[in-house]
Participant: 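Okay, here's the structure, questions in a sec.
Reminder, nothing fancy here: chain letters follow the sequence lines and each chain counts from 1. These values consider heavy atoms only, across backbone and side chains, with no hydrogens, waters or symmetry-generated copies.
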There are 2 protein chains.
Amino acid sequence: MTAMAPARTEPDLSFLLDHTSHVLRTRMAAALAEIGLTARMHCVLVHALEEERTQIQLAEIGDMDKTTMVVTVDALEESGLAERRPSTRDRRARIIAVTEEGARLAARSQEIVDRVHEEALGALPTEERAVLLRALNRLVDGHLATPVDSSQPARRARQRGR
Amino acid sequence: MTAMAPARTEPDLSFLLDHTSHVLRTRMAAALAEIGLTARMHCVLVHALEEERTQIQLAEIGDMDKTTMVVTVDALEESGLAERRPSTRDRRARIIAVTEEGARLAARSQEIVDRVHEEALGALPTEERAVLLRALNRLVDGHLATPVDSSQPARRARQRGR
DNA sequence: TATTGTTATACTCTATAACTATA
DNA sequence: TATAGTTATAGAGTATAACAATA
């Protein structure tokens with residue numbers, strides 16, 4: 001399934017956001033897949049290039065679990081795009097160092113990301129486009145800043161003794 | 001994980017849409033859970049009330065798989081909110097008939113949906129709000145209308161003989 | 001032959017738990 | 001004690017396959 005359907009006549013914000021984000025996500029995934037990247041790999045590459053960062057730091061930036069980060073970095077290493085290096089400050093931590101090939105690919109993937117966004121917004125009048133981005137930013141900073149912590153956790157605690 | 005992080009300097013449409021839709025979805029789920037509904041149950045109730053509809057028709061409207069529809073209707077029946085009735089036109093099909101209690105609850109759930117949308121948009125100036133909805137509608141009708149059909153299927157075909 | 005609805009289940013995704021090593 | 005990273009795996013969500021009844 002993709003999203004909740006428009007339950008009515010008035011514009012349905014849930015449907016609009018779900019649908020647009022879902023479609024954009026599939027387009028982005030398809031475009032990045034052409035150069036062998038996932039959105040997460042792109043995200044990690046770009047932020048690892050900015051400065052020396054550990055896996056945990058990159059996980060926080062990308063809003064990933066640390067275990068998800070492990071598999072993402074595994075993929076980057078297998079593709080020769082990044083390497084784990086021991087941090088000199090903290091011997092528990094690993095710095096993610098982007099290789100030359102990784103840096104080249106990151107430049108290309110950023111172009112792809114920008115292009116996909118351009119294409120998505122292409123149909124909008126310039127002014128409407130600016131207002132859209134401003135409004136979405138306001139939502140992100142405002143009432144839609146943080147998810148409610150659902151009383152029903154994503155997954156029940158593992159039962160003891162198993 | 002929630003969404004791809006802002007990879008940027010410029011406003012990142014992917015991040016904005018993913019984040020807002022995700023947060024709104026959790027808020028909607030939490031609000032509807034207070035009256036024992038999921039977003040899907042609400043969606044089915046509302047559209048089943050509009051006119052006589054079969055499971056397949058409701059599944060299409062809600063963009064659900066027919067197997068997902070089965071469990072959604074199961075939940076509605078168990079809660080006494082809807083019933084399956086054989087279609088008089090097509091004996092394969094089942095009409096989803098909303099009970100009186102279901103109709104009452106659907107009215108309440110629609111209020112909840114509207115309220116959650118109101119709250120989300122509350123921070124926006126009236127004009128910006130109108131432009132946002134218009135712009136999102138344009139995206140839905142335009143380049144973000146349909147997802148690319150990913151070359152890699154969601155799930156590989158079941159291997160034969162198993 | 002195709003379609004509606006159903007059951008059963010396989011697959012993906014991601015978080016939890018438990019662990020090692022360091023702090 | 002707490003944290004970084006790792007492995008293994010549980011659980012949720014959802015689509016696929018196969019089927020029965022009917023078109």
Participant: Given C:dT4, D:dA4, D:dA15, identify the nucleotide with an atom nearest to the side chain of B:Thr67.
Facilitator: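 The answer is D:dA15, which lies nearest to the side chain.
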Participant: What is the separation between atom CE on A:Met69 and atom P on D:dA4, rounded to the nearest whole Å?
Facilitator: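 Roughly 13 Å, once rounded to whole Å.
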Participant: Specify the separation, in whole Å, of atom CZ of B:Arg94 and atom P of D:dA21.
Facilitator: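 That distance rounds to 12 Å.
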Participant: Using modelled atom types only, decide if a donor and an acceptor are shared between the side chain of A:Ser79 and the backbone of A:Leu76 within a distance under 3.5 Å.
Facilitator: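 Checking the backbone N and O of A:Leu76 against the side chain of A:Ser79, no donor-acceptor pair under 3.5 Å is found.
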Participant: Using whole Å, report how far NE2 of B:His22 lies from P of C:dT14.
Facilitator: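 These atoms are roughly 11 Å apart.
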Participant: Rounded to whole Å, how long is the line connecting atom CD of A:Gln55 with atom P of C:dA21?
Facilitator: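 Result: 17 Å.
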Participant: Name the closest nucleotide to the A:Ala93 side chain, picking from D:dG5, D:dA17, C:dT22.
Facilitator: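 In terms of side-chain proximity for A:Ala93, the closest of D:dG5, D:dA17, C:dT22 is D:dG5.
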Participant: From CZ of A:Arg53 over to C1' of D:dA4, roughly how many Å is that when rounded to an integer?
Facilitator: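 To the nearest whole Å, that distance equals 17 Å.
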Participant: What nucleic acid atoms does B:Thr54 come within less than 4.0 Å of, heavy atoms only: base, sugar-phosphate, or nothing?
Facilitator: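 The answer is sugar-phosphate, as B:Thr54 gets under 4.0 Å only of primed atoms, P, OP1 or OP2.
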Participant: Kindly point out which of D:dG5, C:dG5, D:dT22 is positioned nearest to the side chain of B:Ile56?
Facilitator: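 Out of D:dG5, C:dG5, D:dT22, the nucleotide with an atom closest to B:Ile56's side chain is C:dG5.
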Participant: Look at the side-chain N and O atoms of A:Arg40 and state whether any lies under 4.0 Å from the OP1 or OP2 oxygen of C:dT14.
Facilitator: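 Yes, such a contact exists.
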Participant: Take the protein atom CE of B:Met64 and the nucleotide atom C1' of D:dG13, then report the distance between them rounded to whole Å.
Facilitator: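 Atom-to-atom, B:Met64 to D:dG13, this comes out as 14 Å.
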Participant: Tell me: CG of B:Asp90 to P of D:dA23, nearest whole Å?
Facilitator: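 B:Asp90 atom CG is separated from D:dA23 atom P by 6 Å.
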Participant: Can a donor-acceptor pair be found, under 3.5 Å and without considering hydrogens, that links the side chain of B:Gln57 to the backbone of B:Thr54?
Facilitator: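 Yes, the answer is positive, given that a donor and an acceptor are paired below the 3.5 Å cut-off.
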Participant: Do the side-chain N or O atoms of B:Thr68 get closer than 4.0 angstrom to the phosphate oxygens (OP1, OP2) of D:dA15?
Facilitator: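 For D:dA15, OP1 or OP2 has a side-chain N or O of B:Thr68 closer than 4.0 Å.
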Participant: Evaluate the side chain to side chain contact (heavy atoms under 4.5 Å, CB included) criterion for residues A:His19 and B:Leu139: first the C-alpha distance (whole Å), next the side-chain angles of each, then the deciding distance (0.1 Å), finally the verdict.
Facilitator: CA-CA 9 Å; A:His19 186 85; B:Leu139 294 187; over 6 Å; no
Participant: Within the pair A:Arg84 and D:dA4, is there a side-chain N or O less than 4.0 Å away from OP1 or OP2?
Facilitator: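 False: A:Arg84 side-chain N/O out of range (4.0 Å or more) of D:dA4 OP1/OP2.
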Participant: If you compare every side-chain N and O of B:Arg91 against the phosphate oxygens of D:dA23 (OP1, OP2), does one of them come in below 4.0 Å?
Facilitator: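 Answer yes for this pair, as a side-chain N or O of B:Arg91 is under 4.0 Å from OP1 or OP2.
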Participant: Take A:Arg53 and A:Glu51 through the test salt bridge (Lys or Arg N to Asp or Glu O under 4.0 Å) and record every step on the way to the result.
Facilitator: CA-CA 6 Å; A:Arg53 286 188 166 126; A:Glu51 56 181 280; 3.3 Å; yes
Participant: In whole Å, I'd like the distance from the CZ atom of A:Arg85 to the P atom of D:dG5.
Facilitator: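 Distance, rounded to whole Å: 15 Å.
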Participant: Is there a donor-acceptor pair closer than 3.5 Å between any side-chain N or O of A:His47 and the backbone N or O of A:Cys43?
Facilitator: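 Flag set: sc A:His47 to bb A:Cys43 pair under 3.5 Å.
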Participant: Go through D:dT16, D:dT6, C:dT6 for me and flag the one nearest to the A:Lys66 side chain.
Facilitator: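 So the side chain of A:Lys66 is nearest to D:dT6.
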Participant: Of the candidate nucleotides D:dT3, D:dA15, C:dT16, which contains the atom at the shortest distance from the side chain of A:Arg92?
Facilitator: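 Between D:dT3, D:dA15, C:dT16, the one nearest the side chain of A:Arg92 would be D:dT3.
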Participant: Between B:Gln57 and C:dT4, does any side-chain N or O lie under 4.0 Å from OP1 or OP2?
Facilitator: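 Negative; the distance criterion is not met.
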